[in-house]
Every structure is written in C-alpha cells, then in structure tokens.
Amino acid sequence: MSYSTPGVKLRGTQMAGEAYGSWTRNLAAWATAVALPFAILMAVTYGIWQILISEGVEAYAQQEQAGSGLRDAASTLVQIIIYTLFAVAWHRFLVLQEKPKVIPTIGSQHVRFILWTLGLTLLMAIPAAVVFGLVAMLSGAAQSPLASLLILPAIGLVIYLVARVSVLFPAVACQEPLGLVAAWRMTRGNGLAIVLAVVLASIPIILIAMLLSVLLFGNLAQVAQSGTVVSEEQLTEAFLSIYWMGSLVGAVISFIGSTVAVGIASSAYRQLR
C-alpha cells in the first residue's frame, strides 16, 4: 500500500466537524465500543471510592504520597489499556467500517497500540521536559510573569509533533503497515490543519468540563471558604458525596475527548492513505 500524499490538503474545520459528526451519527456503535472500557474505568473508580470510605481521605492521601511513583505508573498503564480498548475499536469502525463488539477480540493491534502509545509518550516527554525546563529558567531569571507566556509555544510544539504522527494510530489499529517516519512524511504540509482541528474540537469539551467542575466542586469550595466552622469529618463527607459523581462526569468527558481525537486522526488517515 502506498502512503504518498499527492497534493492532498486537509481542512481543520472539516476534520473537527467530521469527528463530532461521525460520533453523533453512530451513537449505537459508539456505545458498543465504549461499553467495556467505561465499565472497567467505573470499576476501578468504585474500588478507590470504597477505599476512601473505609480509610478516609487523609489516610488514602498519605498512602498515595508514600507510593506515588508506583501508583502513578500503574494508573497511567491502566488508563492506556482502557483507552486502547476503545480507540482500536473506534478507529476500525471509522476507517474499515467494522462494527464494534461489546467484548472485543484482543489481538496484536492492541499490543502494538499500547507499545506505540507508551513509546511516543516517552519520546514526546523528552523535548517537552527540555523546553519546559528552559521556560522555567527564563521565567525565574526574568522575574516577570510575562516570561511564563513562553510556555504556550512549548505546548504548541508538543501538540504539533503529536499531530504530525497521529495517523500512525489508526494504521496500527487497522493492522496496516505504517512506521513513525512514514507517518511524519504522510502528514507533510498538513500538520497545522490537524492542530487546528484539535483546537477547534477541544473548545466545546473544555467549556463543558469547566462548567461541570464549577457546578460539582463550587459548593464544596464555598463551604470551605465561608468562614463557618466545619469539622474534618464534615469536609470528608462532603468530598465523598461528590467524588462518585465527579468521577462519572470526568469519565464521560474523557471518553468524548478520546472519541473526537480518534475521529480527527482517522479522518486525516483516510484522506492521506
């Protein structure tokens, strides 16, 4: 299969719209693809919730601090596995029109998807760490809040790099041959269009997430800052009362964001392959 791109020009607005359109027009297929990953995530969340109830927030926080490195690594791996189950199914639906299954058949594409996700995460972390470190040094040396604005180009650089290789993931999910260098060449001249699609598609998700965060956590913040004497037990009870709902809403937003991201990558891949 040839992956040459003879003058194909992607349109960011079109890809963003298509990502949402392919989701809203195929809600039944999406629900099937998301069912198992969502169930796993909720099971993990419920387990943490039960620990919080039995041990209390403070004890759990102390355990988190003591083993934060290992816990973070395990949490990241679990999230990547959950994301992979959904992303592979949704990529294959959008590119190959393969109907998702509630219980997917796990294959080599899932393993390769996880390995590529881990590898690219580590690869992108290196330039990100260097750039963010330089920004921190310059910000401290300049003694000016304006120097912190240098972080924006750094974030933009990381987004651009990810956009240029994003077509690798639908190829891996569909078990079609495409390497990192080939993915970079495949998106030549279209990197900014993919970035634009990501930015445009992210705006409604960010706004909804901000609104829900205010609604869910605003009440707890008002109680804590109202000047009213509130016991630690009351604060713990208030926190636990919104923990489950906050986790549920966060999971829904996360899967919608993943849906749109997969939609953009699949749209670019279909047009450039």
Side-chain angles (χ1 to χ4, degrees), residues 12-35 37-49 52-53 57 60-61 64 72 75-76 78-80 82-83 86-87 90 94 145 148-149 151-156 158-160 162-163 166 194-228 230 234-267:
T13 53
Q14 178 186 5
M15 287 190 295
E18 185 177 341
Y20 277 100
S22 60
W23 168 47
T24 56
R25 289 193 305 268
N26 300 282
L27 289 176
W30 179 81
T32 302
V34 84
F38 188 81
I40 295 174
L41 181 58
M42 287 297 97
V44 172
T45 302
Y46 181 78
I48 296 175
W49 186 56
L52 288 171
I53 292 176
V57 177
Y60 182 78
E64 283 286 313
D72 289 344
S75 175
T76 300
V78 169
Q79 291 177 22
I80 289 176
I82 292 171
Y83 169 74
F86 165 71
W90 197 237
L94 295 177
S148 300
L149 293 177
I151 203 74
L152 297 178
I155 295 175
V158 173
I159 294 175
Y160 177 79
V162 172
S166 60
I194 300 175
V195 171
L196 177 60
V198 171
V199 172
L200 292 176
S202 300
I203 292 175
I205 297 175
I206 293 173
L207 292 177
I208 292 174
M210 291 174 61
L211 176 60
L212 292 176
S213 297
V214 170
L215 293 176
L216 287 171
F217 300 104
N219 184 45
L220 181 61
Q222 289 178 0
V223 171
Q225 299 176 3
S226 63
T228 305
V230 180
Q234 289 174 313
L235 283 175
T236 300
E237 183 179 354
F239 173 81
L240 290 175
S241 67
I242 66 171
Y243 175 80
W244 182 254
M245 183 58 67
S247 299
L248 179 62
V249 172
V252 172
I253 293 175
S254 175
F255 275 110
I256 292 176
S258 298
T259 301
V260 174
V262 168
I264 292 172
S266 291
S267 176

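Atoms CD1 and CD1, on I203 and I208 in that order, are 12.0 Å from each other to the nearest 0.5 Å. Note that CH2 of W90 is 5.0 Å distant from CG of N26, once rounded to the nearest 0.5 Å. Here CG of L200 is found 9.5 Å from CE of M15. Values are rounded to the nearest 0.5 Å.
Of all heavy-atom pairs spanning A265 and S166, the tightest one is CB-O, 3.8 Å.
Considering only residues two or more places apart in sequence or on other chains, Q79 meets the side-chain hydrogen bond (donor to acceptor under 3.5 Å, both in side chains) condition with S75. Legend: residues meeting side-chain contact (heavy atoms from CB on, under 4.5 Å) with I205, ordered by chain and number and at least two apart, are Y20, I253, I256, V260. A87 meets the side-chain contact (heavy atoms from CB on, under 4.5 Å) test with Y83, H91, F113, V262; sequence neighbours excluded. For A163, the side-chain contact (heavy atoms from CB on, under 4.5 Å) test picks out I194, V195, with sequence neighbours left out. Legend: residues meeting side-chain contact (heavy atoms from CB on, under 4.5 Å) with L41, ordered by chain and number and at least two apart, are T45, I82, A251, F255.
For residues 256-265, the pairs satisfying side-chain hydrogen bond (donor to acceptor under 3.5 Å, both in side chains) are W30-T259, with sequence neighbours left out.
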